[in-house]
S.K.: 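Take a look at the following structure, please.
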Amino acid sequence: GQQVMQIPQYQHVQEGEDFTTYCNSSTTLSNIQWYKQRPGGHPVFLIQLVKSGEVKKQKRLTFQFGEAKKNSSLHITATQTTDVGTYFCAGMTTDSWGKLQFGAGTQVVVTP
Amino acid sequence: NAGVTQTPKFQVLKTGQSMTLQCAQDMNHEYMSWYRQDPGMGLRLIHYSVGAGITDQGEVPNGYNVSRSTTEDFPLRLLSAAPSQTSVYFCASSYSDSADTQYFGPGTRLTVL
């Protein structure tokens with residue numbers, strides 16, 4: 001079964017508000033990647049986290065990797081209509097090298 | 001650079017038909033992979049390759065074959081299409097392995113009747 005879980009599955013956000021999406025794994029991850037897929041498009045790489053407790057920022061997006069390397073989060077501040085899309089996390093476990101496992105994604109809808 | 005290209009963009013098959021989904025990349029990437037995307041399930045790995053002549057199974061390999069005779073090309077073959085294979089298929093490539101940035105193609109939307 002799927003080892004990488006994402007919550008929530010759907011997120012309705014008012015423009016200007018903040019929100020967070022979470023990614024959890026049943027096993028320790030060697031790395032975590034985040035992708036964004038616009039409606040009708042293909043996944044596009046956003047960022048990769050490798051170190052325990054790592055925090056990276058990209059403008060209004062803040063990515064965190066948990067201390068135990070079993071969870072990650074993406075926090076978006078002051079949401080804009082351009083943030084619409086589905087956000088996926090993807091990770092690899094130490095015993096599944098070569099196999100990137102994706103979460104089911106968080107679909108984000110932004111209301112003006 | 002064209003990046004990762006996939007053909008066709010859309011395809012309708014009848015149950016039992018076979019076909020090949022094409023994937024090519026011009027970035028000299030060693031790692032290539034195929035995913036299928038179904039609503040609520042994210043992307044599931046079908047097969048992957050770490051270099052020419054080397055392929056391995058992913059999470060959902062049944063009903064699909066792959067080969068990697070060149071670095072550039074990684075075709076996915078459906079041997080006998082089934083309605084359960086209706087999905088959007090994405091090919092991806094990366095520089096050396098799955099720990100690198102994955103570059104995705106535009107996808108192939110397949111319907112099996």
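Residue numbering restarts at 1 for every chain, and letters A, B, ... go by the order of the sequence lines. Because the structure is a prediction, the values reported are computed rather than measured.
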S.K.: Is the distance from the ring center of A/Y35 to that of A/F102 below 6.0 Å?
M.R.: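 Centroid distance A/Y35-A/F102: below 6.0 Å, so yes.
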S.K.: Select all residues of residues 79-90 of chain B having any heavy atom within less than 4.5 Å of some heavy atom of chain A, and report them by number, or 'none'.
M.R.: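 Residues B/F90 are the ones that qualify, each having a heavy atom under 4.5 Å from chain A.
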S.K.: Between atom CG of B/L110 and atom CG of B/L13, what is the distance when rounded to the nearest 0.5 Å?
M.R.: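 CG of B/L13 is found 5.0 Å from CG of B/L110.
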S.K.: Would a single hydrophobic cluster contain both B/F104 and A/F88, if residues Ile, Leu, Val, Met, Phe, Trp and Tyr are joined by side-chain heavy-atom contacts under 4.5 Å?
M.R.: yes
S.K.: To the closest 0.5 Å, what do you measure between OG1 (B/T108) and CE (B/M19)?
M.R.: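 That separation rounds to 7.0 Å.
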S.K.: With rounding to the nearest 0.5 Å, note down the distance linking OH in A/Y87 to SG in A/C23.
M.R.: 15.0 Å
S.K.: If you check every heavy atom in residues 41-65 of chain A against those of chain B, which residues fall under 4.5 Å?
M.R.: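 Listed by number, the contacting residues are A/G41, A/H42, A/P43, A/F45, A/Q48.
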S.K.: What's the spacing between B/M32 CE and B/E72 CD if we round to 0.5 Å?
M.R.: 9.0 Å
S.K.: Sorted by first residue and then second, give each disulfide (SG to SG under 2.5 Å) pair with at least one member in residues 80-113 of chain B; sequence neighbours left out.
M.R.: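 Sorted result for residues 80-113 of chain B: B/C23-B/C91.
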S.K.: Is there a path of hydrophobic side-chain contacts, each under 4.5 Å between heavy atoms of I, L, V, M, F, W or Y residues, that connects A/L100 with B/I54?
M.R.: yes
S.K.: Can you list the steps and then say if B/Y31 with B/Y95 is a side-chain contact (heavy atoms from CB on, under 4.5 Å)?
M.R.: CA-CA 6 Å; B/Y31 184 89; B/Y95 179 66; over 6 Å; no
S.K.: Is there a donor-acceptor pair under 3.5 Å between the side chain of B/Q25 and the backbone N or O of B/N28?
M.R.: yes
S.K.: Against chain A, label B/Q37 side chain, backbone, both or neither, depending on which of its atoms sit under 4.5 Å from a heavy atom there.
M.R.: side chain
S.K.: Could you give the distance from CG (B/L76) to NE2 (B/H47), rounded to the nearest 0.5 Å?
M.R.: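 NE2 of B/H47 is found 7.0 Å from CG of B/L76.
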S.K.: What part of B/Y103 is in contact with chain A, defined as an atom under 4.5 angstrom from a non-hydrogen atom: side chain, backbone, both or neither?
M.R.: neither
S.K.: Where the side chain of B/Q102 meets the backbone of B/D100, is there a donor-acceptor pair that is under 3.5 Å apart?
M.R.: yes
S.K.: Using heavy-atom distances under 4.5 Å, tell me whether B/D56 contacts chain A through its side chain, its backbone, both, or neither.
M.R.: neither
S.K.: If contact means a heavy atom pair closer than 4.5 Å, which residues of residues 67-81 of chain A contact chain B?
M.R.: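 At a heavy-atom separation under 4.5 Å, chain B is reached by no residue of residues 67-81 of chain A.
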S.K.: Is A/Q6 close to chain B through its backbone or its side chain, or both, or neither, when contacts mean heavy atoms under 4.5 Å?
M.R.: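 The answer is neither part of A/Q6.
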S.K.: Using only atom types and a distance under 3.5 Å, with no angle test, would you say the side chain of B/N65 pairs donor to acceptor with the backbone of B/R77?
M.R.: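 Between the backbone of B/R77 and the side chain of B/N65 there is no qualifying donor-acceptor contact (under 3.5 Å).
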S.K.: Would you tell me whether A/Q11 and A/T106 have side-chain atoms, one donor and one acceptor, within less than 3.5 Å of each other?
M.R.: no
S.K.: Find out if a path of hydrophobic residues (ILVMFWY) with successive side-chain heavy-atom gaps under 4.5 Å connects A/W34 to A/M92.
M.R.: no
